[in-house]
Amino acid sequence: MSVVTRFPPSPTGFLHIGGLRTALFNYLYARHHDGKFILRIEDTDSERSEKRFSELIIKAFEWVGLDFDEGPYFQSQRGEIYAKYIDKLIKEGKAYRCYCSRERLSKLKESQISKGIKPHYDGFCREQNRKTSGDYTVRFKLPDSVGKVEFYDMIHGKISVALSELDDFIIVRSNRMPMYNLACVIDDALMGVTDIIRGDDHLSNTPKQILLYKALGFDIPRYAHVPMILGEDKKRFSKRHGATSVSVYKDEGYLPDALLNYLVRLGFSYKDQEIFSLDELIRYFDIDRLGKSASVFNPSKLLWINSVYIKNREPSKLAEEIAPFLSELLKREIDVDEKLTEAVKTVQQRAKTLKEAAGQLKFYFEAPSDYDEKGIKKYCKDSGLLKELLRLAEDIKWSESELKRVIEETMDKFQIKMIKVAQPIRIALTGKTVSPGIYEMMLILGKSESLKRIENLSRFLDERA
RNA sequence: GGCCCCAUAGUCUAGCGGUUAGGACGCCGGCCUCUCACGCCGGAAACUAGGGUUCGAUUCCCUAUGGGGCUGCCA
């Protein structure tokens, strides 16, 4: 049997980190087994669903590069399909219309809680013709033949839930829209979904869904309930813990493949390997490599993985990826050319995010507007050294070996160490005490720009004195 | 409260009865060095507790504890 998986987000917000991870698991599992991966938007809750979120979710998928083979389907457009099965269920006596008012329901619940018993629907409308007009929901009629629902989970093993834990749950709202459990089951069955990989917060929905599968006469799929992602405090990962929206990571300068690499390692492992290409993930991924305990989201490890991806990136590709951040920073369009690529190479080992890289590259495009005060104090007593440098460099061929010669001569003349020459140059070039190496910067900046910046600092020091 | 799930360092994890309990992030120290990084070397740091089963339990079972989830006309 070939494999079909799916990711069914509800468009009530941005795609979040946890959602992306389960999507990734579904994707990898499908690709690993040479199967199909479907995207289905679960927008049956018309109150909370928004079209813009659907679009954003699809965009996020494009960004991370997880391509789906089918969809996106929208449940809001599949009303006729559900209606057919709802009628069938009612006709067969497996579901019934419930005319109970919300008031009665909440009173019922209240009294049950106060009596210390489970808040369950009391089956008032199970009896036919209790009432036949007005708003109604449709409830699934719990079969009374079986005492429990059992299923096998690929991660947790055998799971058994007593039927007494459930009640006649609502499958259709009074506005005729199907509820999650119903729509999900019908769609999964109709779309041929064979393997359901989802967060283990759905574990307790599964018995209900299995009951529905049986009532509808569908084959029950395989299940894998993956552990959830928690925040530092071990509470469910949410905005309180930091960014949960995938788009934020894009905006902060994370590489999509780095993010996926980080997320897959939350729960998945393969030997001692930390860094995986997508091909490797597809090859190695399987359910039995997933753990069963929840994992805490660790931003610093994500940052590390991102830095590894930046280091390993083809410089010209990295340049393309950094360019938008640089344009944003400099408030003008930046050409992706050879010069940018060369500049990018000089920060590739230093930046952990694209955004950070842009910050480190800024000086290549704009001469410093001010100088690091501490640096000036520590390394730039007067302009003498810079003037000597300018004099020696004036007529040289602009190459690393010539520059080295000039600097060594200066060191000799002033009887100082390299750092005493390098730092003033660094400050002149970048305004800062931290930057790429001085030779590589000067070569990229070019002779006239480099000397101009050294002159600028020299003048600055003179004016100050 | 009830039901379900989970439990190796701060964190992510390896382990699937016998290991000096392995790797990674982070942290600390050192080396390299024109700054910062990178890189390299080294270090501290874990089997939740108590009962079983067994010649032997981190590993299997039970209980406790802790954490999470569900308990919606949300998904």
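In what follows, chains carry the letters A, B, and so on, assigned in the order in which the sequence lines appear, proteins first and then strands, with residues in each chain numbered from 1.
The nearest heavy atom of RNA chain B to A:Pro8 and to A:Ser435 marks one nucleotide each, and the one closer to the 5' end goes with A:Ser435. When each of A:Arg350 and A:Lys208 is assigned the nucleotide of RNA chain B with its nearest heavy atom, A:Arg350 is the one assigned upstream, toward the 5' end.
Atom CG of A:Leu203 and atom P of B:rG69 are 13 Å apart (whole Å).
Below the 3.5 angstrom threshold, one finds no donor paired with an acceptor across the side chain of A:Glu232 and the base of B:rG10. Applying the 3.5 Å distance criterion, the base of B:rC73 shares a donor-acceptor pair with the side chain of A:Ser174. Judged by atom type and distance alone, A:Asn205 reaches the base of B:rA75 through a side-chain donor-acceptor pair under 3.5 Å.
A donor atom on one side chain and an acceptor atom on the other are not found under 3.5 Å apart for A:Tyr309 and A:Asp257.
With sequence neighbours excluded, no residue forms a ring pair (Phe, Tyr, Trp, His ring centres under 6.0 Å) with A:Phe74.
When each of A:Lys292, A:Arg198, A:His156, A:His202 is tested with A:His225 by the rule side-chain hydrogen bond (donor to acceptor under 3.5 Å, both in side chains), just one qualifies, namely A:Arg198.
Aromatic ring centres of A:Phe68 and A:Phe37: separated by at least 6.0 Å.
At B:rA14, one or more side-chain N or O atoms of A:Ser269 fall inside 4.0 Å of OP1 or OP2 (strictly under the cut-off).
Residue contacts for A:Gly437: at a heavy-atom cut-off of 4.0 Å it reaches a base atom on one of the strands shown. When heavy atoms are screened at a 4.0 angstrom cut-off, A:Thr12 is found touching no nucleic acid atom at all.
Across the P atoms, B:rG50 and B:rA57 are found 13 Å apart, a figure rounded to whole Å.
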